[in-house]
**Student:** 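Encoded as structure tokens, here's the structure I'll be asking about.
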Amino acid sequence: MTTEKTATGTTAAGTATAAKSTTALPITDFETVLTTTRAVRRRLDFDRPVPRETVLDCLRIALQAPTGGDAEDWRFILVGDPEVRRRIGEEYRRLFDLNIRPRMGKILDGGTMRTEPPKQPLEEETRHRKARVYSGAAYLAENIGRAPWLVLACATRPNPSPNIAAAVYGSVFPAVWSFQLALRSRGLGSIITTLHLRDPETVTRLLGIPEGVTQCALLPVAYTVGTDFRAAPRRAVEEVVFLDGWDRPLVGD
């Protein structure tokens with residue numbers, strides 16, 4: 001028996017496999033939904049209408065997520081007006097062209113938004129994966145305003161200081177993830193974006209967001225082109241989990 005890395009990040013052959021893809025909707029198998037909910041960019045169907053009630057059904061599920069102090073201080077703005085979506089899309093594309101596109105060459109060589117590429121060239125597989133991701137990001141930037149719905153997740157607290165940021169975002173993002181899982185189970189897709197938060201004033205003005213509200217994430221929502229998403233290749237759990245302290249490997253049972 002050979003040992004190989006699987007899409008779920010395990011290494012022992014036969015102990016775990018990628019979640020079985022399916023086209024039957026709704027997807028009710030819990031692990032399939034968890035392991036195949038992807039960040040969807042190119043496979044969002046911008047031309048197929050999505051009923052508002054379908055989005056609301058997914059949000060009803062999302063609101064069952066944990067919330068710090070039982071505050072329920074999340075708020076979600078559904079943007080369906082074509083002109084407002086178009087203008088938000090233009091702003092998103094402007095910020096992508098200003099902040100991301102000029103760095104894409106260096107990112108593909110292994111740099112980040114803040115660091116230069118390493119002297120050692122990236123492996124071809126890694127570079128190909130980065131190219132695919134950023135090509136998808138550029139495609140999304142050019143088309144996000146075409147999504148049938150844009151959903152803006154907010155918190156009814158002012159822009160948090162670093163010492164409480166985790167509490168604020170930690171009360172919103174469990175609901176955001178639950179929303180994405182509910183979308184996936186119904187054949188829809190989304191992706192968490194935060195690019196517009198680099199300069200949120202345009203979206204703030206367009207949507208009439210009052211002072212004291214923190215914008216957390218903007219998600220395009222659409223049916224997906226096909227439903228055959230698979231588990232992604234990930235590092236083995238032994239590579240990313242420490243035991244009883246930083247950089248202490250998992251050993252024994």
**Student:** Which atom pair, heavy atoms only, marks the closest approach of G80 to R85?
**Tutor:** O-NE, 3.1 Å
**Student:** Counting heavy atoms not belonging to R52, are there more than 12 under 6.0 Å from its CZ?
**Tutor:** no
**Student:** Just one of R94, R93, R87 clears the salt bridge (charged side-chain N to carboxylate O under 4.0 Å, His left out) bar with E91, so which one?
**Tutor:** R94
**Student:** Residues two or more places apart in sequence or in another chain: which of them pass side-chain contact (heavy atoms from CB on, under 4.5 Å) with A165?
**Tutor:** P160, Y169
**Student:** Starting at CG of L250, measure out to CG of L243 and round the result to the nearest 0.5 Å.
**Tutor:** 5.5 Å
**Student:** Between CG of L95 and OG1 of T202, what distance do you get to the nearest 0.5 Å?
**Tutor:** 7.5 Å
**Student:** Using side-chain heavy atoms (C-beta onward) and a distance below 4.5 Å, is W74 in contact with V176?
**Tutor:** no
**Student:** Are the side chain of S178 and the backbone N or O of A62 linked by a donor-acceptor pair below 3.5 Å?
**Tutor:** no
**Student:** If we only count heavy atoms from C-beta on, is the T67 to P174 side-chain gap below 4.5 Å?
**Tutor:** no
**Student:** From Y134 OH over to F96 CZ, what is the distance, rounded to the nearest 0.5 angstrom?
**Tutor:** 8.5 Å
**Student:** Any luck finding a side-chain donor-acceptor pair between S190 and R184 under 3.5 Å?
**Tutor:** no
**Student:** For D81, is there an ion pair with R86 - N to carboxylate O distance below 4.0 angstrom?
**Tutor:** no
**Student:** How far apart are the closest heavy atoms of L25 and S185, and which atoms are they?
**Tutor:** CD2-O, 3.8 Å
**Student:** Just by modelled atom types, is the A182 backbone N or O under 3.5 Å from a matching donor or acceptor in the R186 side chain?
**Tutor:** yes
**Student:** Take T214 and T156 through the side chain to side chain contact (heavy atoms under 4.5 Å, CB included) test and state the conclusion after the steps.
**Tutor:** CA-CA 6 Å; T214 298; T156 55; over 6 Å; no
**Student:** Could you list the donor-acceptor pairs under 3.5 angstrom formed by side chains in residues 142-155, with sequence neighbours left out?
**Tutor:**
from	atom 1	to	atom 2	distance (Å)
N143	OD1	R146	NH1	2.9
N143	ND2	Y139	O	2.8
R146	NH2	D47	OD1	3.1
W149	NE1	V50	O	2.8

**Student:** Have a look at D45 and tell me which of T224, V40, V225, L188 forms a side chain to side chain contact (heavy atoms under 4.5 Å, CB included) with it.
**Tutor:** V225
**Student:** Just verifying a value: how many Å separate L63 CG and E72 CD, rounded to the nearest 0.5 Å?
**Tutor:** 7.5 Å
**Student:** When rounded to the nearest 0.5 angstrom, what distance separates CD in E90 from CG in L206?
**Tutor:** 10.0 Å
**Student:** Atom OH in Y92, atom NE2 in H196: separation rounded to 0.5 Å?
**Tutor:** 10.0 Å
**Student:** Heavy-atom count check: over 12 atoms from other residues, nucleotides or ligands less than 6.0 Å from E53 CD?
**Tutor:** yes
**Student:** Under a 4.5 Å cut-off applied to non-hydrogen side-chain atoms, are S135 and R42 in contact?
**Tutor:** yes
**Student:** Are any of the side-chain heavy atoms of C58 and Q180 separated by less than 4.5 Å?
**Tutor:** no
**Student:** Using only heavy-atom distances, determine whether the side chains of T204 and Q215 contain a donor-acceptor pair under 3.5 Å.
**Tutor:** yes
**Student:** Does the Lys NZ or Arg CZ of R38 fall within the cation-pi geometry relative to F229 - under 6.0 Å from the ring centre and within 45° of the axis?
**Tutor:** no
**Student:** I'd like to know if D244 pairs up with R248 as an ion pair, taking the criterion as any Lys NZ or Arg NE/NH1/NH2 lying under 4.0 Å from an Asp or Glu carboxylate oxygen.
**Tutor:** no
**Student:** Determine, using the 4.5 Å side-chain heavy-atom cutoff (strictly less than), whether I61 and F173 are members of one ILVMFWY cluster.
**Tutor:** no
**Student:** Does R41 reach the side chain of V133, with side-chain heavy atoms less than 4.5 Å apart?
**Tutor:** yes
**Student:** Honestly curious: do V203 and I192 fall in one hydrophobic cluster under the side-chain, below-4.5 Å linking rule?
**Tutor:** no
**Student:** Quick check on the hydrophobic clustering: are I191 and L219 connected, directly or via other members, by side-chain heavy-atom contacts under 4.5 Å?
**Tutor:** no
**Student:** Which heavy atom of R60 sits nearest to which heavy atom of D57, and what is that distance?
**Tutor:** NH1-OD1, 2.7 Å
**Student:** Please determine whether the number of non-hydrogen atoms from other residues, nucleotides or ligands lying under 6.0 Å from atom CD of E211 exceeds 12.
**Tutor:** no
**Student:** Answer with yes or no whether the hydrophobic clustering places L183 together with L56; edges join I, L, V, M, F, W, Y residues whose side-chain heavy atoms lie under 4.5 Å apart.
**Tutor:** yes
**Student:** Would V84 and V213 show up in the same hydrophobic cluster when neighbours are defined by side-chain heavy atoms closer than 4.5 Å?
**Tutor:** yes
**Student:** Say whether, by atom type as modelled, one donor and one acceptor occur between the side chain of T193 and the main chain of L218 under 3.5 angstrom.
**Tutor:** yes
**Student:** Show the nearest heavy-atom pair for residues G187 and T227, with the distance to one decimal.
**Tutor:** CA-CG2, 4.3 Å
**Student:** By salt bridge (Lys or Arg N to Asp or Glu O under 4.0 Å), which residues pair with R43, not counting sequence neighbours?
**Tutor:** D228
**Student:** Less than 4.5 Å apart, side chain to side chain, heavy atoms only: is that true for D73 and R157?
**Tutor:** yes
**Student:** With side chain to side chain contact (heavy atoms under 4.5 Å, CB included) as the test, would you mind laying out the steps for V221 and L78 before giving the verdict?
**Tutor:** CA-CA 10 Å; V221 172; L78 276 61; over 6 Å; no
